[in-house]
Amino acid sequence: MGDSSASPKYSPIKLGYAFKKEELHQLLTGVKAAGLQVMEIYQRDFSIETKADESPLTEADTTANESLMKLVREVTPELPVLSEECSDIPFAERRQWERYWLIDPLDGTKEFINRNGEFTLNLALIENGVPVFGIVHAPVLDTSWWGSSEGAWKQIGDAESEPIRVRTLPDPENQNWQVVGSRLHGSETFEAFCKRLPSNDRVSMGSSLKLCLVAEGKADLYPRLAPTCEWDTAAAQAVVTAAGGEVLDTRTLQPLRCNQQESVLNPFFIVCNQRDRRWQDALVQCLGHDPELPYEYRVNDSKAEVVWNHTSITSAQRANIKGHKGKCVWFTGLSGSGKSSLANALEVELNRQGYHTMLLDGDNIRHALCKDLGMSQADRTENIRRIGEVAKLFVDSGIMVITAFISPFKADRDGARALFDEGDFIEVHVDTPINICEQRDPKGLYKKAREGKIIDFTGIDSPYEKPDFAEVVLQEEKVADSLTKILCKIR
């Protein structure tokens with residue numbers, strides 16, 4: 001049998017917002033009512049528009065969106081809402097949301113147009129990036145699935161709801177594994193993955209119904225090796241996790257998270273009833289060193305013709321061999337604030353505790369990797385961009401990387417943060433007042449700036465934009481106390 005203990009089991013986070021019984025009833029009946037509106041359109045002729053991303057839009061999409069938006073605002077007027085049809089909310093605003101609704105008013109619009117019935121309405125509550133409550137409703141099937149920290153249920157029509165649970169992965173010598181795939185978005189990669197699995201049957205399905213099949217024990221795996229967005233999966237992910245399954249990023253085998261970056265695109269993921277070494281190895285082989293499928297064409301800004309070349313070893317495997325996961329501790333603050341001294345002290349302590357570390361210091365990096373850059377705003381932005389990419393490589397290798405850079409501009413630091421998975425980037429603001437920094441002036445730079453010998457010097461004639469949401473803020477604490485604060489965030 002396979003190894004199902006390779007990684008810790010993920011448990012849904014307990015809802016911070018506790019629904020009253022009548023609120024839950026209002027949400028369920030409201031989603032079903034929106035489904036009835038969709039069915040009225042489904043049963044007659046309707047027009048089809050094309051959105052900017054070339055995906056189809058029907059009257060049903062907009063009707064369901066209006067109904068679901070109204071529903072959640074009635075039940076929880078204090079919570080923000082993000083919907084596929086109202087998604088132009090800047091990340092700078094979204095990232096401040098601790099809890100919000102995420103809506104896909106009609107998942108499977110192409111299925112709706114083709115009239116095969118495999119489309120759903122999806123409503124999810126996201127808390128700290130985790131889908132903690134979700135409703136998936138299939139109007140044609142008149143079936144609803146929902147899940148929370150209390151468990152997962154399925155209801156057909158007006159019948160009594162029944163609890164659902166993922167099934168135990170069967171012994172393939174006695175019973176084939178059930179692998180579900182997209183009806184409209186199949187791929188050679190999916191086929192290659194299935195061929196590497198033990199005996200299995202393949203089931204084609206549209207929309208978020210695929211995740212619900214795993215949640216109710218009718219399927220074992222759903223590998224999604226093609227693009228999706230967070231609203232496509234969040235509601236069903238809440239149902240799957242509530243039913244005891246998992247929805248995992250194929251790169252890291254960590255649970256999918258929402259609202260962690262500007263883009264709402266999901267990474268490739270796999271839905272499973274339990275972790276097992278057999279499908280994990282098949283996934284690594286398929287996405288890593290398959291000689292027929294080594295490349296992926298990704299959108300990029302390169303001036304050359306490039307593709308993404310998948311490697312055989314994952315970041316999780318690199319971390320396992322070191323005994324710990326990689327993270328980036330990003331020190332920011334004025335010149336003379338004490339960043340470099342604290343970064344050095346942190347590396348010494350982490351090294352003492354057995355962590356694999358690498359310290360990237362601002363001045364040292366400019367001796368080599370960034371020696372072609374000056375101190376203009378454009379050059380500083382490029383400097384931080386390069387450091388962010390280098391730091392990400394170290395983290396992917398399982399190393400605790402520590403950076404000490406002034407990094408004065410919020411947008412540049414946010415760009416670096418966006419490269420990392422949630423929890424892997426720890427921003428440390430060394431908030432030392434400029435008058436103290438100038439009194440120290442260990443490199444004599446403030447003096448030269450005041451004399452006009454240096455231009456574009458941060459704090460004098462170039463701005464320093466303080467972080468709004470740094471994980472750690474240090475204000476002249478003792479070194480030992482500062483390290484304690486940082487280490488609490490690392491562990």
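All values below were derived from every heavy atom in this structure, side-chain atoms included, with hydrogens, water molecules and symmetry-related copies excluded.
Partners of S67 according to the side-chain hydrogen bond (donor to acceptor under 3.5 Å, both in side chains) rule, which considers only residues two or more places apart in sequence or in another chain, are Q37. R202 pairs by the salt bridge (Lys or Arg N to Asp or Glu O under 4.0 Å) definition with E191, not counting sequence neighbours. Residues meeting the side chain to side chain contact (heavy atoms under 4.5 Å, CB included) test with T62, sequence neighbours left out: L57. A search for side-chain hydrogen bond (donor to acceptor under 3.5 Å, both in side chains) contacts involving E59 returns R44, not counting sequence neighbours. Scanning for side chain to side chain contact (heavy atoms under 4.5 Å, CB included) contacts around Q96 gives F469, with sequence neighbours left out. Residues satisfying the side chain to side chain contact (heavy atoms under 4.5 Å, CB included) criterion with R385, sequence neighbours excluded, are E382, E389. Contacts of E40 classified as side chain to side chain contact (heavy atoms under 4.5 Å, CB included), with partners at least two apart in sequence or in another chain: none. Take D142 and apply the side-chain hydrogen bond (donor to acceptor under 3.5 Å, both in side chains) test, not counting sequence neighbours, and it matches no residue. Partners of D104 according to the salt bridge (Lys or Arg N to Asp or Glu O under 4.0 Å) rule, which considers only residues two or more places apart in sequence or in another chain, do not exist here. For S144, the side-chain hydrogen bond (donor to acceptor under 3.5 Å, both in side chains) partners are H137, not counting sequence neighbours. Residues passing the salt bridge (Lys or Arg N to Asp or Glu O under 4.0 Å) test with R95, sequence neighbours excluded: D414. Taking the salt bridge (Lys or Arg N to Asp or Glu O under 4.0 Å) definition, one finds that K218 meets it with E216, sequence neighbours left out.
Checked by atom type and distance alone, the side chain of R257 never pairs as donor or acceptor with a backbone atom of D421 at under 3.5 Å.
Open room surrounds CD on E173; 12 or fewer heavy atoms of other groups in view lie less than 6.0 Å from it.
Taking OG1 of T120 as the start and CG of N122 as the end, the distance is 3.5 Å to the nearest 0.5 Å.
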